[in-house]
Engineer: 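Let me give you the structure first, and then I'll get to my questions.
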2 protein chains.
Amino acid sequence: MARVGLTTERLTQAGAELADEVGFEQVTVSALARRFDVKVASLYSHLKSSQDLKSNIALLALEELADRGAAALAGRAGKDALVAFANVYRDYAREHPGRYAAAQLRLSPEAAAVSAGGRHAQMTRAILRGYDLTEPDQTHAVRLLGSVFHGYVSLEMRGGFSHSAPDSQESWSRVLDATDALLRSWPAP
Amino acid sequence: MARVGLTTERLTQAGAELADEVGFEQVTVSALARRFDVKVASLYSHLKSSQDLKSNIALLALEELADRGAAALAGRAGKDALVAFANVYRDYAREHPGRYAAAQLRLSPEAAAVSAGGRHAQMTRAILRGYDLTEPDQTHAVRLLGSVFHGYVSLEMRGGFSHSAPDSQESWSRVLDATDALLRSWPAP
DNA sequence: AGAATTTGCCTAAAGGTCTTAGGGAGATGC
DNA sequence: GCATCTCCCTAAGACCTTTAGGCAAATTCT
């Protein structure tokens, strides 16, 4: 029989594309097999389970996101870095909604350990170097930034801001302005 | 055959309990039928589809959340209102993780129209009456608050803040302090 | 090159979920 | 008491997941 050349990597990549096309929830081993014109059981040589596939897609998305974040942060500082980094998240979610959804998957501890999650936290901390925060406020601020970025993007993708004025782009800019202002005058406890 | 007395309401309620016990993803028409000791097909007199069940659970969660929010806001203003409202979200998510996850479901336009989504937005606006913001900054601030609340709770539930100091409760307090400070000195465009 | 081995995709099969169609027994109304 | 309606049932088709075992292509060894 004709060999297609399946590998875990190709399956993960194709799964990510599938997620962007039909939604992460709809990513299924069967659908992936159809895409490669191969029988379903054949995928199980490269995949432990359906959950494993989803987890791999999540790890891929986290890596891609971290790579883009690193590129955006290079040579920038302060508000410039903040805005660039925030836009990485938002743009990625818009370009790759399925992958972004995948990145929200709750990972197993083992998967989380090898994920790019640590890089994300490091980069967020790097942004804060442009502001004058000392520990433990820096950690609080890291968590706030994560919340604002993820929260805004998540609500926007769900359509929360879509059918009312002012448009979401405008709010996004103002939210980032406000966040920058907050970091510059972080309140004492 | 013994009649169990199924109704859409009872199914939705039981589905919400099931979600809290096993996770919203695991809520299934089959599992619900087992819980009522009834055959699966029997549920389809009260449910249009599996998606319909999930949507109903989401609507229930949004209502409960709005009810709690309204109760928390009664008689409070300013930072007091902000903190109380924020804690409603966080506490609800901790008490009812499955329901909270359900509330994140992307609803159909029809479902969204009858949802408590509007009440949530109204209440967030009400909080901002304690601060000195004029349109369109008020709308931007509504979106920021939604992002911070949802983003923080969502990341916390995913375990993002669990295994590092300082503990999440501490960060939550400081994030709310910071948000209050930001609303009091909202930057001009 | 030919043989031995490994690898990759296959068939087969069992179990779970969703959904629709149509039937029979309990509850309700006259 | 009888007719009607409602509720839950059986039956069945479609799809997804996962495991077991087989055959042929690719790779390695002699």
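Order of the sequence lines fixes the chain letters, A, B, ..., with proteins taken first and strands second; residue numbering starts at 1 for each chain.
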Engineer: C/dT17 C1' sits how many Å from B/R34 CZ, rounded?
Structural biologist: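 Whole-Å distance recorded here is 9 Å.
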Engineer: Check this for me, if you would: do B/E63 and B/R119 make a salt bridge, where the nitrogen-to-carboxylate-oxygen distance has to be below 4.0 angstrom?
Structural biologist: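 Here B/E63 pairs with B/R119 in a salt bridge, since their nearest N and O are under 4.0 Å apart.
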Engineer: For B/R35, is the CZ atom crowded, meaning more than 12 foreign heavy atoms sit under 6.0 Å from it?
Structural biologist: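 Result for CZ/B/R35: enclosed.
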Engineer: So which of A/L133, A/T134, A/L128 actually passes side chain to side chain contact (heavy atoms under 4.5 Å, CB included) with A/W186?
Structural biologist: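 It is A/L133; the other options fail the test.
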Engineer: Can you measure B/D52 atom CG to C/dT17 atom P for me and round it to whole angstrom units?
Structural biologist: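 Distance check: B/D52 CG to C/dT17 P gives 19 Å.
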Engineer: Measure the distance from CG on A/L47 to P on D/dT19 and round it to the nearest whole Å.
Structural biologist: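 These atoms are roughly 11 Å apart.
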Engineer: Return the value, rounded to whole Å, for the distance between atom NZ of B/K54 and atom C1' of C/dT19.
Structural biologist: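 These atoms are roughly 14 Å apart.
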Engineer: Are OP1 or OP2 of D/dC9 and a side-chain N or O of B/S42 less than 4.0 angstrom apart?
Structural biologist: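 It does, given that an N or O in the side chain of B/S42 lies less than 4.0 Å from OP1 or OP2 of D/dC9.
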Engineer: Specify the separation, in whole Å, of atom CZ of A/F36 and atom P of C/dG8.
Structural biologist: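 So the two atoms are 14 Å apart, to the nearest Å.
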Engineer: Strictly by modelled atom types, are B/H46 and B/T8 linked by a side-chain donor-acceptor pair under 3.5 Å?
Structural biologist: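 Side-chain D/A pair, B/H46 to B/T8: absent.
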Engineer: Tell me, which of residues 6-15 of chain A have any heavy atom that sits under 4.0 Å from an atom in DNA chain C?
Structural biologist: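 Those residues are A/L6.
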Engineer: What is the distance, rounded to the nearest whole Å, between atom OH of A/Y44 and atom C1' of C/dA13?
Structural biologist: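 Whole-Å distance recorded here is 14 Å.
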Engineer: Over all strands shown, is A/V4 touching base, sugar-phosphate only, or nothing at heavy-atom distances under 4.0 angstrom?
Structural biologist: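 It contacts sugar-phosphate atoms only.
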Engineer: Let's see if you can work this out: which of C/dC9, C/dT17, D/dT17 has an atom nearest to the side-chain heavy atoms of A/V29?
Structural biologist: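 Nearest to the side chain of A/V29 among the choices is D/dT17.
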Engineer: Does a nitrogen or oxygen in the side chain of A/S45 sit under 4.0 Å from OP1 or OP2 of C/dC9?
Structural biologist: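 Result: no.
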Engineer: Starting the side chain at C-beta, find the nucleotide from C/dC10, C/dT7, D/dT18 nearest to A/R3.
Structural biologist: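 Nearest nucleotide to the side chain: C/dT7.
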Engineer: Does a side-chain N or O of B/S50 approach OP1 or OP2 of C/dT17 to a distance below 4.0 Å, or not?
Structural biologist: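 Answer no for this pair, as no side-chain N or O of B/S50 is under 4.0 Å from OP1 or OP2.
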Engineer: Under 4.0 Å between a side-chain N/O of A/S30 and OP1 or OP2 of D/dT17, yes or no?
Structural biologist: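 So the side-chain polar atoms of A/S30 do come within 4.0 Å of the phosphate oxygens OP1 or OP2 of D/dT17, strictly under.
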Engineer: Less than 4.0 Å between a side-chain N and a carboxylate O, is that true for B/E170 and A/R143?
Structural biologist: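 Here A/R143 does not pair with B/E170 in a salt bridge, since their nearest N and O are not under 4.0 Å apart.
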Engineer: Report the nucleotide, chosen from D/dT18, C/dC9, C/dT11, that has the shortest atom-to-atom distance to any side-chain atom of A/K39.
Structural biologist: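 Closest nucleotide among those given: C/dT11.
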Engineer: When the nearest nucleotide of DNA chain D is assigned to A/A31 and to A/A41 on a heavy-atom basis, which residue is associated with the more 5' position?
Structural biologist: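 Looking at DNA chain D, the more 5' nearest nucleotide goes with A/A31.
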Engineer: Please report the distance, rounded to the nearest Å, between NE2 in A/H46 and C1' in C/dC10.
Structural biologist: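 Checked: the NE2 to C1' distance equals 12 Å.
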Engineer: Could you tell me the separation between the NZ atom of B/K48 and the C1' atom of C/dT20, rounded to a whole number of Å?
Structural biologist: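 One finds 16 Å between C1' of C/dT20 and NZ of B/K48, rounded.
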Engineer: Using a strict 4.0 Å threshold on nitrogen-to-oxygen distance, state whether A/E135 and A/R125 make a salt bridge.
Structural biologist: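 Looking at A/E135 and A/R125, the cut-off is met.
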Engineer: Any chance CG of A/D132 has more than 12 other-residue heavy atoms, nucleotides or ligands included, within less than 6.0 Å?
Structural biologist: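 No, the 6.0 Å shell around CG holds no more than 12 heavy atoms from other groups.
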